[in-house]
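Both ligands and their constituent atoms are indexed starting at 1 by order of listing.
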Amino acid sequence: MRISVKFGAAEKESTDVIVISLFENVKKIPSELSSLDKASGGFISNSLQNKDFTGKLNETVMIPTYKKSIPKRILLVGLGKATGLSSDKIRQAAGTATRVIQGKKFKNPSMLLYKTEYKGISIEDTTRSVVEGVLLSLYNFTMYKTLKKKDKATINNFTLIVQKKDVLAKVKSVAKNTQTVAEAVCFTRDIVNMAGSDATPTFLANKAKEIARKTGVKCRTLSRPDMKKLGMGGILNVSRGSSQPPKFIILEYNTRKKNSDTIVLIGKGVTFDSGGISLKPGSGMDLMKADMSGAAAVLGAFKAISNLKPANHIVGLVPCTENMPSGSALKPGDIIKCMSGKTVEILNTDAEGRLILADAIAYAKRYKPDAVIDLATLTGACVAALGTFTSGMLGNNDKLKERVKHAGEKSHERVWELPLWKEYYELIKSNIADIKNTGGRYAGTITAACFLGEFVEDFPWVHLDIAGTFLVEKDTPYIRKGATGVGVRLLTRLILDWKKMPDARKKRKK
Ligand code: BES
Ligand code: MN
Ligand code: ZN
């Protein structure tokens, strides 16, 4: 599907349908719309006056104009109250309108972007939200359906119309970049939605190589013998019960330079989490095919980043394995040694994510990173604490946390901080090893993050627990039931907006 941008008068577009967004309870239509309204015979103003359309968020009404040489239909979509406008409401409204258009099978819709700035929401933000809303709402996972045609998107070209020439170039470039990001989100959703027996560690490693081939980023994957040489006891032990070989994916975009930062992105890639010998209950276990959502987000972010070419040095580290029970599986009570040299007492083999991340964090050290961000479907406790509208954030550096929080707000992949005070570290001390892999009944998300914190050295680090946000249970305006692709938009936003970290390197020299 194409997104095109043009400058012109809405009433002169002879398109199937033109989308017009409006606030709730507007008495008079905005002046920017008066010529379209006039050309349609007062259609917009009439439907407002007669309350056929009130402008509630995601409300729609389709009006046929029965006129030639102007849009054949006008699709009004509500943005809610003007005072509460946000980029996400724009994203939702664009998604809702797109679904209506898709339902009616119109091939060439347009949308009028008639405001160039509204209460701090710039035309760039609006364009980004609209393009994301359009493209993400059309996502549909049909890989395993035999009747694919019925579910296929029918829109060929979506035209965004601006009425001011001076914003045309800006809108064009933002639309193009956003399309790249949205495609990366859909790529991530696809691999998360796939069956666990298909999206194996080897499959993810091949996907990473494919990204590298297409974009020129560097990619290496470590197999069991390489991991043994490095002493990666975390991932090696988690993979013991599985007949799928583990893979450790290393992606590298750009190289380290004096004046730019090195950012390491780490994603948990457990391609199926049965719990291992500490087997999970049967109900809902199918969802654990998506326990590689962090990995998929890092791959998706790399796909976007390598196309958008930001200035920094970005490394992706993605440990991938299954967590399965078998005669050779890791057992509760076992003691393992991770790559950093720390020993871990295994109390529960279902706390496996932290073990593979421990090796990835230790591996990150060799890049002398200015920032390390890991994403993981790490704890059920995070869903209990924060629900499904936000990811949990924990970390050791205020500046980095602030940046991640900001990127989360901009992309509407919001994060909420939990504390990582030193008292909590006490809860994972072990009698017989350095640390243990569970922290008891309380504060499960925090003790999991403390576990990771034990492997972090002096670099700024943020951990995002995405256990509540990797899936949605029912359709929303721009996310269909299933994988959300969470993390891709946040990470890309964070990296595209990146400014050199001021204190990080200085601090390290001490
Ligand atoms: N992958 C799970 C966490 C999870 C649960 C993600 C629900 C998404 C939805 C993780 O590996 C796990 O099993 N965590 C355990 C940790 C516990 C044994 C300390 C949990 O949360 O129960
Ligand atoms: Mn688990
Ligand atoms: Zn897991």
With atoms numbered from 1 as shown, which atoms in ligand 1 lie under 4.0 angstrom from a non-hydrogen atom of [X]?
X: Lys280; result: 2 (C), 12 (C), 13 (O)
X: Thr438; result: 19 (C)
X: Lys268; result: 1 (N), 10 (C), 11 (O)
X: Glu352; result: 11 (O)
X: Phe470; result: 8 (C)

Do the side-chain N and O atoms of [X] and [Y] include a donor-acceptor pair separated by under 3.5 angstrom?
X: Thr469; Y: Ser391; answer: yes
X: Thr445; Y: Thr379; answer: yes
X: Glu210; Y: Asn206; answer: no

> Once rounded to 10°, what is the value of the angle centred on the Zn ion (ligand 3) between Asp291 OD2 and Lys268 NZ?
Replying inline: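 That angle is 90°.
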>> Rounded to the nearest 10°, what angle sits at the Zn ion (ligand 3) between OD2 of Asp273 and OE2 of Glu352?
In response: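 If I round to 10°, I get 90°.
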Backbone of [Y] reached by a side-chain donor or acceptor of [X] within 3.5 Å:
X: Asn58; Y: Thr96; answer: no
X: Glu132; Y: Ala182; answer: no
X: Lys368; Y: Lys365; answer: no
X: Asn348; Y: Asp350; answer: yes

> Please walk me through it: do Glu352 and Lys268 pass salt bridge (Lys or Arg N to Asp or Glu O under 4.0 Å)?
Replying inline: CA-CA 10 Å; Glu352 84 297 344; Lys268 170 179 172 183; 3.1 Å; yes
Give the residue and atom name of whichever protein heavy atom lies nearest to [atom], and the separation in Å to one decimal.
atom: atom 20 (C) of ligand 1; result: Gly380 N, 3.9 Å
atom: atom 12 (C) of ligand 1; result: Asp350 O, 3.2 Å
atom: atom 18 (C) of ligand 1; result: Asn348 ND2, 3.4 Å
atom: atom 2 (C) of ligand 1; result: Asp273 OD2, 3.6 Å

>> Only N/O/S atoms count here: what is the atom of Glu352 closest to the Mn ion (ligand 2) called?
In response: OE1
>> If I consider every N, O or S atom in Asp273, which one ends up closest to the Mn ion (ligand 2)? I only need its name.
In response: OD2
> Would Glu409 and Lys405 count as a salt bridge (Lys or Arg N to Asp or Glu O under 4.0 Å) if you check the C-alpha gap in whole Å, the side-chain angles of each, and the deciding distance to 0.1 Å?
Replying inline: CA-CA 6 Å; Glu409 271 154 23; Lys405 184 162 175 277; 3.7 Å; yes
>> Looking at atom 22 (O) of ligand 1, tell me if a protein heavy atom falls under 4.0 Å from it.
In response: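 Neighbour list for atom 22 (O) of ligand 1 is empty of protein heavy atoms (cut-off 4.0 Å).
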>> In terms of relative ring orientation, are Phe141 and Tyr144 parallel, tilted or perpendicular, with 30° and 60° separating the classes?
In response: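 Perpendicular.
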>> Check this for me, if you would: do Lys280 and Asp291 make a salt bridge, where the nitrogen-to-carboxylate-oxygen distance has to be below 4.0 angstrom?
In response: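 Salt bridge: no.
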> Would you say Asp350 reaches the Mn ion (ligand 2) with an N/O/S atom under 2.8 Å?
Replying inline: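 Yes, since at least one N, O or S atom of Asp350 sits under 2.8 Å from the Mn ion (ligand 2).
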> With a 4.0 Å heavy-atom cut-off (strictly under), which part of Leu378 contacts ligand 1: side chain, backbone, both or neither?
Replying inline: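 Answer for Leu378: backbone.
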> Of Arg441, Arg354, Met288, which has the heavy atom at the shortest distance from atom 9 (C) of ligand 1?
Replying inline: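 Among Arg441, Arg354, Met288, the closest heavy atom to atom 9 (C) of ligand 1 comes from Met288.
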